[in-house]
Amino acid sequence: SPPDGSAKTVAEYVASGSEWRREVFVREKRTLDGLRVLLLDDNELTRSYHQSMLARLGVRCCHTANGADTMHELKQAQMLEDGYDIILISWSMTEAPGVVREIRNVFAEGDIFIVGITGAQENEEAQMLASGVDYILEKPLYQAVLYRFLTDVCGGILQRKRSVDA
């Protein structure tokens with residue numbers, strides 16, 4: 001809990017810009033070390049924003065702007081035995097559903113955790129899940145939400161990686 005004894009959540013402290021926030025992220029940054037994320041977004045500004053958030057959290061992140069580059073990057077990383085743990089995909093891209101299906105056809109189930117980032121258009125959630133997306137995050141994507149997602153939802157990925165490496 002926060003140092004002042006209040007019942008605020010981490011997200012509330014992050015939003016308030018408190019000193020505690022910096023301590024939490026510095027401490028947690030070590031726990032996210034080793035996580036590899038591939039970011040697929042055709043919007044350069046959004047890609048840069050998401051990549052800088054991931055970097056501040058200590059996550060190794062690369063990015064691509066289209067499906068062909070994404071598949072090439074995923075296959076290259078797998079050949080080098082340095083595969084990605086998570087793919088963050090902007091669902092506003094017209095090719096997003098096809099890319100997710102292709103990833104699911106090429107890579108074994110459980111190899112890659114696919115996260116769709118959406119502006120929550122009507123019926124989009126059902127389409128995302130039908131395509132093979134594992135988890136959905138809504139835009140705008142804030143660092144506190146991303147932090148909570150990576151630690152709570154993806155914490156098991158890091159635990160498995162670390163137990164294999166040990």
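The chain is numbered in sequence order, starting from 1.
Tracing side-chain contacts under 4.5 Å through hydrophobic residues (I, L, V, M, F, W, Y), one reaches Leu57 starting from Tyr49; they form part of the same cluster. A continuous path of Ile, Leu, Val, Met, Phe, Trp and Tyr side chains, each step under 4.5 Å between heavy atoms, connects Phe107 with Ile89, placing both in one hydrophobic cluster. A chain of hydrophobic side-chain contacts below 4.5 Å, direct or via other Ile, Leu, Val, Met, Phe, Trp or Tyr residues, connects Val100 to Leu74. Leu129 is not connected to Ile117 by any chain of hydrophobic side-chain contacts under 4.5 Å among Ile, Leu, Val, Met, Phe, Trp and Tyr, and they are in different clusters. Linking Ile, Leu, Val, Met, Phe, Trp and Tyr whenever their side-chain heavy atoms come within less than 4.5 Å puts Val115 and Val145 in one cluster.
In this structure, a donor-acceptor pair under 3.5 Å is absent between the side chains of Thr46 and Lys139. Gln78 and Tyr84 share no donor-acceptor pair across their side chains, judged by distance under 3.5 Å alone.
Around the CD atom of Glu95, the shell of radius 6.0 Å holds more than 12 heavy atoms that belong to other residues, nucleotides or ligands. Within 6.0 Å of the OH atom in Tyr142, the count of heavy atoms belonging to other residues, nucleotides or ligands does not exceed 12.
In this structure the side chain of Asp41 never reaches within 4.5 angstrom of the side chain of His63, judged on heavy atoms. Between Thr70 and Asn66, the closest side-chain pair of non-hydrogen atoms is not below 4.5 Å. By the 4.5 Å heavy-atom criterion applied to side chains, Ile86 and Ile112 are not counted as neighbours. Inter-residue side-chain proximity for Asp152 and Tyr147 is flagged as unmet; no heavy-atom pair is nearer than 4.5 Å. Here the side chains of Val99 and Ile87 are not in contact, with every heavy-atom distance at 4.5 Å or above. Taking 4.5 Å as the limit, every side-chain heavy atom of Val37 sits out of range of all side-chain heavy atoms of Asp85. When side chains are defined from C-beta on, Ile136 does not count as touching Trp91, because their heavy atoms never get closer than 4.5 Å. By the 4.5 Å heavy-atom criterion applied to side chains, Met53 and Leu141 are counted as neighbours.
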Could you walk me through whether Leu88 and Leu38 pass the side-chain contact (heavy atoms from CB on, under 4.5 Å) test, one step at a time?
-> CA-CA 6 Å; Leu88 295 175; Leu38 181 61; over 6 Å; no
Please lay out, stage by stage, how Asp134 and Arg104 fare under the test salt bridge (charged side-chain N to carboxylate O under 4.0 Å, His left out).
-> CA-CA 11 Å; Asp134 294 305; Arg104 291 296 183 219; 2.5 Å; yes
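By the 4.5 Å side-chain criterion applied to Ile, Leu, Val, Met, Phe, Trp and Tyr, Leu45 is assigned to no cluster and stands alone.
Remark: side-chain polar atoms of Asn105 are paired, donor with acceptor, to backbone N or O of Arg101 under 3.5 angstrom.
Summarising the geometry of Ser90 relative to Ala96, their closest heavy-atom pair is O-CB, 3.7 Å, with the distance given to 0.1 Å. The minimum heavy-atom distance between Ala65 and Leu40, with the atom names listed, is C-CD1, 3.8 Å. Of all the heavy atoms in Leu39 and Cys61, the pair that sits closest is CB-SG, 4.1 Å. The shortest heavy-atom contact between Cys62 and Arg36 is SG-NH2, 4.1 Å. In plain terms, the two heavy atoms of Gln127 and Pro97 that are nearest each other are NE2-CG, 3.7 Å.
In this structure, the ring-ring contact (aromatic ring centres under 6.0 Å, His included) partners of Phe149, at least two apart in sequence or on a different chain, are Tyr135.
Rounding to the nearest 0.5 Å places CZ of Arg148 at 11.5 Å from CG of Leu137. To the nearest 0.5 angstrom, Asp42 atom CG is 11.0 Å from Glu44 atom CD. Interatomic distance, Lys75 NZ to Leu80 CG, rounded to the nearest 0.5 Å: 14.5 Å.
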